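Below: one structure, written as structure tokens.
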Amino acid sequence: IEGYMEPDISIMTLDIIEAIRSQNYVLLNEKASNTQVELFPKGFYGDFDGFRAYNLKGEETKVPFNEVKSWSGVSKK
């Protein structure tokens with residue numbers, strides 16, 4: 001997978017801040033399904049336990065950092 005990297009909270013955090021600022025999506029694979037999901041981040045929750053985002057259907061979801069299997073970063077639209 002091009003751009004594949006082991007999940008790193010500091011990288012994910014910076015990418016999420018960049019995606020919020022530039023109104024872009026982030027791409028990641030969740031451990032449970034191992035399918036790639038595209039999410040529109042809205043902010044963080046807890047003590048940086050994870051982030052809140054909207055999926056492509058406009059539904060709000062919470063993504064715990066420890067549930068991210070792989071992180072592909074910001075998706076430029």
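This one's a predicted model, so the numbers in the text were calculated from it and none came from an experiment. Note that the numbering runs from 1 along the sequence shown for the chain.
- A distance of 14.0 Å separates NZ in Lys42 from OG1 in Thr61, rounded to the nearest 0.5 Å.
- Connection of Val63 to Ile11 is established within a shared hydrophobic cluster, with ILVMFWY side chains joined at heavy-atom distances below 4.5 Å, either directly or through further cluster members.
- Not counting sequence neighbours, the partners of Asn66 by the side-chain contact (heavy atoms from CB on, under 4.5 Å) test are Pro64.
- Annotation: the span from Asn29 atom CG to Ser70 atom OG amounts to 3.5 Å, rounded to 0.5 Å.
- Ring geometry, Trp71 versus Phe51: the interplanar angle exceeds 60°, so the pair is classed perpendicular (tilted spans 30 to 60°).
- The distance from atom CD of Gln36 to atom CG of Leu27, rounded to the nearest 0.5 Å, is 4.5 Å.
- Hydrophobic clustering places Val26 together with Val37 (ILVMFWY residues linked when any side-chain heavy atoms are closer than 4.5 Å, directly or through intermediates).
- Atom OG in Ser75 sits 11.0 Å away from atom CG in Leu28 (nearest 0.5 Å).
- Pairs passing the side chain to side chain donor-acceptor pair (under 3.5 Å) check and including a residue from residues 46-55, sequence neighbours excluded, read Arg52-Glu60, Asn55-Glu59.
- Nearest heavy-atom pair across Ile16 and Pro41 is CG2-CB, 3.7 Å.
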Exercise for review: Decide side-chain contact (heavy atoms from CB on, under 4.5 Å) for Leu56 and Glu38; before the verdict, give the C-alpha distance in whole Å, the side-chain angles of both, and the deciding distance to 0.1 Å.
Suggested key: CA-CA 7 Å; Leu56 297 180; Glu38 198 170 18; 3.6 Å; yes
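- At a threshold of 4.5 Å between side-chain heavy atoms, the hydrophobic network of Ile, Leu, Val, Met, Phe, Trp and Tyr places Leu39 and Ile9 in one connected group.
- For the atom pair CZ (Phe65) and OG (Ser10), the distance works out to 10.0 Å, reported to the nearest 0.5 Å.
- A single hydrophobic cluster is seen to contain both Ile20 and Val68, as judged by linkage of ILVMFWY side chains at heavy-atom distances under 4.5 Å, directly or through other members.
- Of all heavy-atom pairs between Pro7 and Met12, the closest is CB-CE, 4.0 Å.
- For Ile17, the side-chain contact (heavy atoms from CB on, under 4.5 Å) partners at least two apart in sequence or on another chain are Thr13, Phe44.
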